[in-house]
Amino acid sequence: FTVKGFQLTVTGVDIDFSRSAKENLCCTRNGNDVTAGLKGSFVLNILNSLGTDNIKVSYLSNSSAFLFEPENAEEDFKTLCLVMPMLLND
C-alpha cells in the first residue's frame, strides 16, 4: 500500500492466478508519505478481528513493524495487532 497526502492506495497481486486489484481510500494521517508491502491475508485477518470501520495504523518507517488498533479503543480493553512489512522490488 501507499499513503500519499490524505489518500491510501491499496494494491494486491495474485501471481498464481494472474489477477490484481487497486483501491483508493481517503484517510487521515500524521507524518510522512510511505509505501510498504504487507501480506494481504494477515491484514485482512486483523481488520476482520478488530470489528470496527475506523482503524489506527502506526509505524515509524516502511521497514519497521506496523501496529493496527481500533481508533477509539477503551483503555480497559485494548486490542493491538502487529505486522512486519515485506521487502518490495520497485
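Numbers for residues simply follow the sequence, beginning at 1.
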Quiz item: Only one of Thr9, Leu8, Val10 clears side-chain contact (heavy atoms from CB on, under 4.5 Å) with Asn24; which?
Solution: Thr9
Exercise. Report the C-alpha separation of Val3 and Arg29 in whole Å, then their side-chain angles, then the decisive distance to 0.1 Å, and conclude whether the side chain to side chain contact (heavy atoms under 4.5 Å, CB included) test is met.
Key: CA-CA 9 Å; Val3 176; Arg29 70 174 189 96; 3.3 Å; yes
Quiz item: Does any non-hydrogen side-chain atom of Thr2 lie less than 4.5 Å from one of Asp33?
Solution: no
Exercise. Taking the side chain as every heavy atom from C-beta outward, state whether Thr79 and Cys81 have any atom pair closer than 4.5 Å.
Key: yes
Exercise. Could you tell me which non-hydrogen atom of Lys39 sits nearest to which non-hydrogen atom of Met86, and how far apart they are?
Key: N-CE, 3.7 Å
Quiz item: Side-chain heavy atoms under 4.5 angstrom apart, residues restricted to Ile, Leu, Val, Met, Phe, Trp, Tyr: same cluster for Ile55 and Leu44?
Solution: no
Exercise. Quick one: pull up SG in Cys26 and CD in Gln7 and give me the separation to the nearest 0.5 Å.
Key: 7.0 Å
Self-check item: Pairs touching residues 11-23 that satisfy salt bridge (charged side-chain N to carboxylate O under 4.0 Å, His left out), sequence neighbours left out
Solution: Asp14-Arg19
Quiz item: Parallel under 30°, tilted from 30 to 60°, perpendicular over 60°: which one fits the rings of Tyr59 and Phe66?
Solution: parallel
Quiz prompt | Non-hydrogen side-chain atoms of Phe1 and Leu38 separated by less than 4.5 Å | solution = yes
Quiz prompt | Residues that Ser61 engages under side-chain contact (heavy atoms from CB on, under 4.5 Å), provided they are two or more places apart | solution = Ser63, Ser64
Quiz item: How many angstroms lie between atom CD of Glu71 and atom NZ of Lys56, to the nearest 0.5 angstrom?
Solution: 8.5 Å
Practice problem: Compare all side-chain heavy atoms of Leu67 with those of Val57 and state whether any distance is below 4.5 angstrom. | Solution: no
Exercise. Indicate yes or no for a side-chain donor-acceptor contact from Asn54 to the backbone of Pro70 under 3.5 Å, with no hydrogens or angles considered.
Key: no
Quiz item: Is there side-chain contact between Val83 and Ile46, with at least one heavy-atom pair below 4.5 Å?
Solution: yes
Quiz item: Would you say Asn32 has more than 12 foreign heavy atoms packed within less than 6.0 Å of its CG?
Solution: no
Practice problem: Could you tell me whether a side-chain N or O of Asn62 sits under 3.5 Å from a main-chain N or O of Val34, the two making a donor and an acceptor? | Solution: no
Quiz item: Quick check, are the ring centers of Phe42 and Phe68 under 6.0 angstrom apart?
Solution: no
